[in-house]
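In what follows, a structure is listed as structure tokens, so that the remarks can point back to it.
Note that these values count all heavy atoms, side chains included, but never hydrogens, waters or copies made by symmetry.
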Amino acid sequence: MIRHNNGSAVAVVVLHEIYGLNRHVEEVCLNWSRLGYDVVAPGLLAGRVYAYEQESEAYRAFMEGVGFAKAAGDVRVLLDELRTTHTQVFVVGYSIGATIGWIVAKQGGMDGLVGYYGSRIRDYVDVPPRCPAMLFFPEKEASFDVTRLRDELSAMDGVQVRLFPGEHGFADPFSGRCATLSAKEADGLSISFIWGLQQG
């Protein structure tokens, strides 16, 4: 687990993608910490960190050893703990982390969700989230129609969806899939979104 304590009344929970608590997650946590937030990034893979070329192995390990339901339950416990010490709790998730955040947001317990390329959100569109959500997707995904998912999600109250040039993983500068301009714009929007919700 990564933690940065700044004595803030507002916490940001960062949910990693399939590779675990890697360098990208460390940088994301530092960036939110520099903005003054308390930051927590739980390890959802029992401390394991995978290289980018191990994507298939990492995904299989997650699905067989953890799964979305267990990960969402663990995150919900963390959010409940943070709500006892913070006035607001926000979640920023990447890929599987975005999907986990979306599942938890449908149950409540957070004040806002930012999700980057949570492609499996498409399997959980039966119930809208109980908090405002901003979701970022690449303009094309190999396994589904992003435009159709955008339209379906955008019809939900409180859900904003933006499509960006690039591939799945476009916001990770270490992955080889980074689209710098898209990442910069998405990161700026996420900061403004959470800041706006924080101000009420």
Side-chain angles (χ1 to χ4, degrees), residues 1-6 8-22 24-33 35 37-50 58-137 153 156 158-159 168-169 171-172 190-191 193-194 197-198:
M1 181 176 289
I2 298 171
R3 284 186 181 269
H4 296 282
N5 295 315
N6 292 305
S8 175
V10 182
V12 173
V13 175
V14 177
L15 301 180
H16 62 72
E17 56 181 305
I18 200 66
Y19 308 107
L21 296 174
N22 62 7
H24 175 231
V25 180
E26 292 173 354
E27 289 294 322
V28 169
C29 291
L30 279 173
N31 289 337
W32 285 105
S33 178
L35 293 171
Y37 297 103
D38 284 0
V39 182
V40 181
L44 304 174
L45 301 175
R48 180 76 189 268
V49 177
Y50 292 86
Y59 186 76
R60 184 171 58 254
F62 172 76
M63 293 303 292
E64 294 177 359
V66 183
F68 286 108
K70 180 183 185 306
D74 291 345
V75 169
R76 182 57 190 265
V77 170
L78 173 61
L79 295 180
D80 289 345
E81 291 174 358
L82 289 171
R83 293 201 74 84
T84 67
T85 54
H86 295 79
T87 58
Q88 291 176 302
V89 180
F90 299 98
V91 171
V92 178
Y94 294 81
S95 193
I96 63 162
T99 300
I100 293 163
W102 176 263
I103 293 169
V104 177
K106 297 196 301 179
Q107 305 165 357
M110 68 179 77
D111 295 283
L113 167 69
V114 175
Y116 289 73
Y117 33 85
S119 58
R120 293 298 297 273
I121 287 173
R122 68 187 189 275
D123 298 329
Y124 300 94
V125 294
D126 54 326
V127 179
R130 296 174 64 183
C131 67
M134 177 171 278
L135 305 175
F136 306 132
F137 293 95
L153 293 170
M156 297 180 175
V159 179
H168 190 102
D172 182 347
S190 68
I191 293 168
F193 177 70
I194 288 180
L197 293 176
Q198 183 184 342

Measuring only between side-chain heavy atoms, which start at C-beta, is Leu15 closer than 4.5 Å to Val75? yes
Pairwise side-chain contact, Val39 with Arg3, heavy-atom cut-off 4.5 Å (strictly under): no
Looking at every non-hydrogen atom in both residues, tell me the closest pair between Ala61 and Tyr50 and how far apart they are. CB-OH, 3.2 Å
Close side-chain approach of Leu79 and Val91, heavy atoms under 4.5 Å: yes
Considering only residues two or more places apart or on different chains, which pairs with a residue in residues 84-108 satisfy salt bridge (Lys or Arg N to Asp or Glu O under 4.0 Å)? Lys106-Asp126
Could you measure the distance from the CD1 atom of Ile2 to the CD atom of Glu26? Nearest 0.5 Å is fine. 5.0 Å
Residues in salt bridge (Lys or Arg N to Asp or Glu O under 4.0 Å) contact with Arg60, at least two apart in sequence or another chain: none
Roughly how far, to the nearest 0.5 Å, is CG of Leu113 from CD1 of Ile103? 11.0 Å
Run Ser190 and Met134 through side-chain contact (heavy atoms from CB on, under 4.5 Å) and show every step you take. CA-CA 7 Å; Ser190 68; Met134 177 171 278; 5.5 Å; no
Under the side-chain hydrogen bond (donor to acceptor under 3.5 Å, both in side chains) test, residues paired with Ser119 that sit two or more places apart: none
With sequence neighbours left out, what residues match Ala98 under side chain to side chain contact (heavy atoms under 4.5 Å, CB included)? none
Sequence neighbours excluded, which residues qualify as side-chain hydrogen bond (donor to acceptor under 3.5 Å, both in side chains) partners of Gln198? Tyr37
List the atom of Leu197, the atom of Gln88, and the distance in Å for their closest heavy-atom pair. O-NE2, 3.4 Å
Listed by chain and number, what are the side-chain hydrogen bond (donor to acceptor under 3.5 Å, both in side chains) partners of Asn5, not counting sequence neighbours? none
Does the pair Asp123 and Thr99 meet the rule for a side-chain contact (heavy atoms from CB on, under 4.5 Å), with working shown? CA-CA 9 Å; Asp123 298 329; Thr99 300; over 6 Å; no
Any salt bridge (Lys or Arg N to Asp or Glu O under 4.0 Å) involving residues 90-99? Give me the pairs, sequence neighbours left out, ordered by first then second residue. none
Separation of Leu35 CG from Trp32 CH2 (nearest 0.5 Å): 6.5 Å
Separation of Glu27 CD from Asn22 CG (nearest 0.5 Å): 10.5 Å
Could you tell me whether the side chain of Ser95 reaches within less than 4.5 Å of the side chain of Ile18, counting heavy atoms only? no
Would you find a donor on one side and an acceptor on the other, under 3.5 Å apart, between the side chain of Ser8 and the backbone of Val10? yes
Side chains of His16 and Leu45: closer than 4.5 Å at any heavy-atom pair? yes
Side chains of Leu153 and Leu135, heavy atoms from C-beta outward: is any pair under 4.5 Å? yes
Kindly state each residue pair satisfying salt bridge (Lys or Arg N to Asp or Glu O under 4.0 Å) with at least one member in residues 81-91, sequence neighbours excluded. Arg83-Asp111
Main-chain N/O of Ser33 paired with Asn6 side-chain donor or acceptor, under 3.5 Å: yes
Go through it in stages, so that I can follow the logic: the residues are Arg120 and Ile96, the test is side-chain contact (heavy atoms from CB on, under 4.5 Å), and I'd like the CA-CA distance, side-chain angles, deciding distance and then a yes or no. CA-CA 7 Å; Arg120 293 298 297 273; Ile96 63 162; 5.9 Å; no
Arg76 meets the salt bridge (Lys or Arg N to Asp or Glu O under 4.0 Å) criterion, sequence neighbours left out, with Asp80
Looking at OG1 of Thr87 and CG of Leu82, how far apart are the two atoms once the value is rounded to the nearest 0.5 Å? 11.5 Å
Residues pairing under ring-ring contact (aromatic ring centres under 6.0 Å, His included) where one sits in residues 91-134, two or more places apart or in two chains, turn out to be His24-Tyr94, Tyr94-Tyr116, Tyr116-Phe136, Tyr117-His168, Tyr117-Phe170
Show me the pairs that pass salt bridge (Lys or Arg N to Asp or Glu O under 4.0 Å) and involve residues 9-22, at least two apart or across chains. none
Report yes if the distance between the aromatic ring centroids of Phe62 and Phe68 is under 6.0 Å, otherwise no. yes
Measure the spacing between CG of Leu78 and CE of Met110 and express it to the nearest 0.5 Å. 10.0 Å
Using the test salt bridge (Lys or Arg N to Asp or Glu O under 4.0 Å), find all partners of Arg130 that sit at least two apart in sequence or belong to another chain. none
Residue pair Val159 / Pro128, side-chain heavy-atom distance below 4.5 Å: no
Begin from the C-alpha positions of Val89 and Val13 and carry the test side-chain contact (heavy atoms from CB on, under 4.5 Å) through to its verdict. CA-CA 7 Å; Val89 180; Val13 175; 4.1 Å; yes
